[in-house]
Undergrad: 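Below you will find the structure I want to go over with you.
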Amino acid sequence: MAEMTRGGLDMTRRQMFEVGAGLAVSASLADVAVAAPAPDTARSPTNPRFTPLYPHESATRTTRDLSGLWDFRLDPDDQGEAKRWFEGFDQARRIPVPCSWNDLFDDAQNHFGPAWYQTEFHAEAPSRDRRLILRFGSAVYRAKVWLNGHLLGEHLGGHLPFAFDASDVVRGDRPNRLVVMVENRLRIDRVPAIPDTKAFHLYQEDLPETSYDFFPYSGLHRPVWLCSVPAIHLRDLTVTTRRSGGGALVDVHVAVSGNWSGPARLTLTGGASPVEVALSISNGAGMATISVPSPRLWGPSDPFLYTLTTRLGTAMPLDEYTMPVGLRTVEVKGEALLLNGAPVHLRGFGKHEDFALHGRGLDLAALVRDFELLKWIGANSFRTSHYPYSEEAMMLADRYGFLVIGETPAVSMTFADAPDVIAARHKQLTEDITDLVSRDKNHACVILWSIANEPLTKPFHSLEPSPGDAVAKGKAFFADMFAHLRSLDSTRPVSLVSVQGGPVEWVSQGDVICTNSYNGWYVGSGRIADAGATLEREIRKLHETCGAKPIIVTEFGADAMAGIHAQPSEMWSEDYQSDLVAQYLDVLAGLPFVIGAHPWAFADFKTSQNIMRVGSLNLKGVFTRDRRPKETARMLHARWGRAGFNSL
Ligand code: GCB
């Protein structure tokens, strides 16, 4: 492994995580207050599991998007609940929903405590045969929701939807007041967590202090919907596809509210003629298989989507739900990843949901432009680094035919912390995995799950050595997470994204081995000539230790300041970034067990302030933050334009 020199010590990037670096640290750093708060017990008894189905409208369902300008008030002294702001609050300013609050108001940039949102809406008068559901696409990180002063429930964890049944509280005669408290305290027991600066001295300070390399944007990041569904309604659908000879079989599991029993129908359209199958629901559950004799299979070169309609009841449906379905299989066989039985190679990027002013708030224009640029550059894949992306992104990825690695929010999780802290993260990540799989299980685009990105034995940038039992603790933790995910979805491979290949006890639990590698940047800085040889040595070693499994190099690259050029190429120039990425691709293309390469990152993105990030930006994007191509983007466009389906 290449060496890097820091403060007179030679060390690899991995060793930077694992050993004390011996650099001077100011005494005051040890005193930086870390939130070591009372346990994060946000789940209230009123919070049922969310309704996973995306709120598509149908003949029996309506969905009202409550997006718009809402009232907003920061609550730095955490007085809102005591002062009963949930009944309505004054001194508000206006904020767009969805959006992050951080880049809109100067005093909100580094506000990670509670903030309050409120809006009003009119609704139909409640009736016994319909339910009104309030559904939130995502709130980062904890949300508490009141309607007309009544607590509907709470939710912990960002990036995933949650919903509350508001039927008993909604009124039809007057406007309804919806109040939401959102707080994003940066805590050691959350997912993702911050480093424990009481136990560890950090030789790099960040503002805000995070353990990960992106800005912890906060707020109501995705739309809020008011959904009206029949009292007896489709609660969930699980669609999996198999191949049988030249045909395809579509297995559909149906879950219905209220333990309902009765007849139902499935209709698949889009093929030569519609296929209809009857099934019976018993105590809220039913299952049927649709047979498609000459299927048009989904894949990057032909992302064809059929339409599946499910109807409850006979002639006049009690409930009806329509969703797009791609017919495809994915499996790991030996060292190959097979899509529809044929080996596939992933060309693409790690990305972020990040754009000027919106922060991490859903930005449909940025989403469409990103996917157009992915197509232009010749990518067929991306990873939802480092958290689940919006449902709209997943639906669009199905349509564009991208092969998506779906990642949880577990980035930079460390195993040097107290047992109760690790237990809290265990609980949260278990719930996140449950909700992520139930949200995204029906997307053809998701071909691999990533349980975590770069878990560490101890905080990055810390001086003290790792505790001796950290690797064993992480091994047990991830064994639980792999087992949990595999119990929820047996149709997709599962992985964990390691940093520079380690610890092998963690990453080797995956069906696909994913690793991030920064030779020529953090390791062997500027030594571009050595980067390829070092990479080849490391990846071959990883292959030997993890056994005959496919490998994806999920991150590599260099920061490049747009407009800076150098001959010969030097760090921070566009030329250096392009040369380094090309060198990685040349080496990886020669390794038959490497089935994917994702340069980091698609576009520049916002980070905390620190000495590594000019303008609080990570500049490893091959596009700038406003999506202008750097030299690397042109190089990849030319290279990937020539690449076949089965090459890097
Ligand atoms: C990594 C992380 C990613 C960072 C990147 C970098 O390994 O996974 O979140 O942004 O390195 O640029 O340092």
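Counting starts at 1 for both ligands and their atoms, in listed order.
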Undergrad: State whether a side-chain donor-acceptor pair under 3.5 Å links Asp417 with Thr414.
TA: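 A pair is found: one side chain offers a donor N or O, the other an acceptor, under 3.5 Å apart.
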Undergrad: Ligand 1 versus Tyr212, non-hydrogen atoms closer than 4.0 Å: side chain, backbone, both, neither?
TA: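 Within the 4.0 Å criterion, Tyr212 makes no contact with ligand 1.
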Undergrad: Using only heavy-atom distances, determine whether the side chains of Thr457 and Ser466 contain a donor-acceptor pair under 3.5 Å.
TA: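 Thr457 vs Ser466: donor-acceptor pair found between side chains.
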Undergrad: For the residue pair Asn519 and Thr534, confirm or rule out a side-chain donor-acceptor distance under 3.5 Å.
TA: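 Not at all, the side chains of Asn519 and Thr534 share no donor-acceptor pair under 3.5 Å.
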Undergrad: I need the atoms of ligand 1 closer than 4.0 Å to a non-hydrogen atom of His386, numbered in the order shown.
TA: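 What qualifies from ligand 1 is 3 (C), 8 (O), 9 (O).
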Undergrad: Looking at Asp586 and Arg639, is any side-chain nitrogen of the basic one under 4.0 Å from a carboxylate oxygen of the acidic one?
TA: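 Looking at Arg639 and Asp586, the cut-off is met.
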Undergrad: Considering only heavy atoms, does Phe214 approach ligand 1 within less than 4.0 Å through its side chain, its backbone, both, or neither?
TA: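 None of Phe214 does.
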Undergrad: By number and element, which atoms of ligand 1 are closer than 4.0 Å to a non-hydrogen atom of Asn618?
TA: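 That gives atoms 6 (C), 10 (O), 12 (O) of ligand 1.
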Undergrad: Please could you name the atoms of ligand 1 that Asn453 approaches to less than 4.0 Å, counting only its heavy atoms?
TA: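 Close to Asn453: 8 (O).
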Undergrad: Please state whether Tyr522 comes within less than 4.0 angstrom of ligand 1, counting heavy atoms only.
TA: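 Flag set, Tyr522 near ligand 1.
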Undergrad: Specify side chain, backbone, both or neither for Phe460, according to which of its non-hydrogen atoms lie closer than 4.0 Å to ligand 1.
TA: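 Near ligand 1, Phe460 shows nothing, with every heavy atom at 4.0 Å or more.
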Undergrad: Examine distances only and state if a side-chain atom of Lys606 and a backbone atom of Asp354 form a donor-acceptor pair shorter than 3.5 Å.
TA: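 Checked: no pair found.
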Undergrad: What atoms in ligand 1 come closer than 4.0 Å to a heavy atom of Phe605?
TA: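 Counting atoms of ligand 1 from 1, those under 4.0 Å from Phe605 are 10 (O).
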Undergrad: Relative to the heavy atoms of Lys620, which atoms of ligand 1 are at a distance of less than 4.0 Å?
TA: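 Answer, ordered by atom number: 6 (C), 12 (O), 13 (O).
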Undergrad: Looking at Arg613, which atoms of ligand 1 are within less than 4.0 Å of one of its heavy atoms?
TA: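 Listed by number with element, the hits are 6 (C), 12 (O), 13 (O).
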Undergrad: Please determine if Arg142 and Glu183 form a salt bridge, counting it only when a charged side-chain N lies under 4.0 Å from a carboxylate O.
TA: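 Counted as a salt bridge, because a side-chain N and a carboxylate O are separated by less than 4.0 Å.
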Undergrad: Looking just at side-chain N and O atoms, do His484 and Thr434 make a donor-acceptor pair shorter than 3.5 Å?
TA: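 Yes, because at least one side-chain N or O of His484 sits under 3.5 Å from a partner of the opposite role on Thr434.
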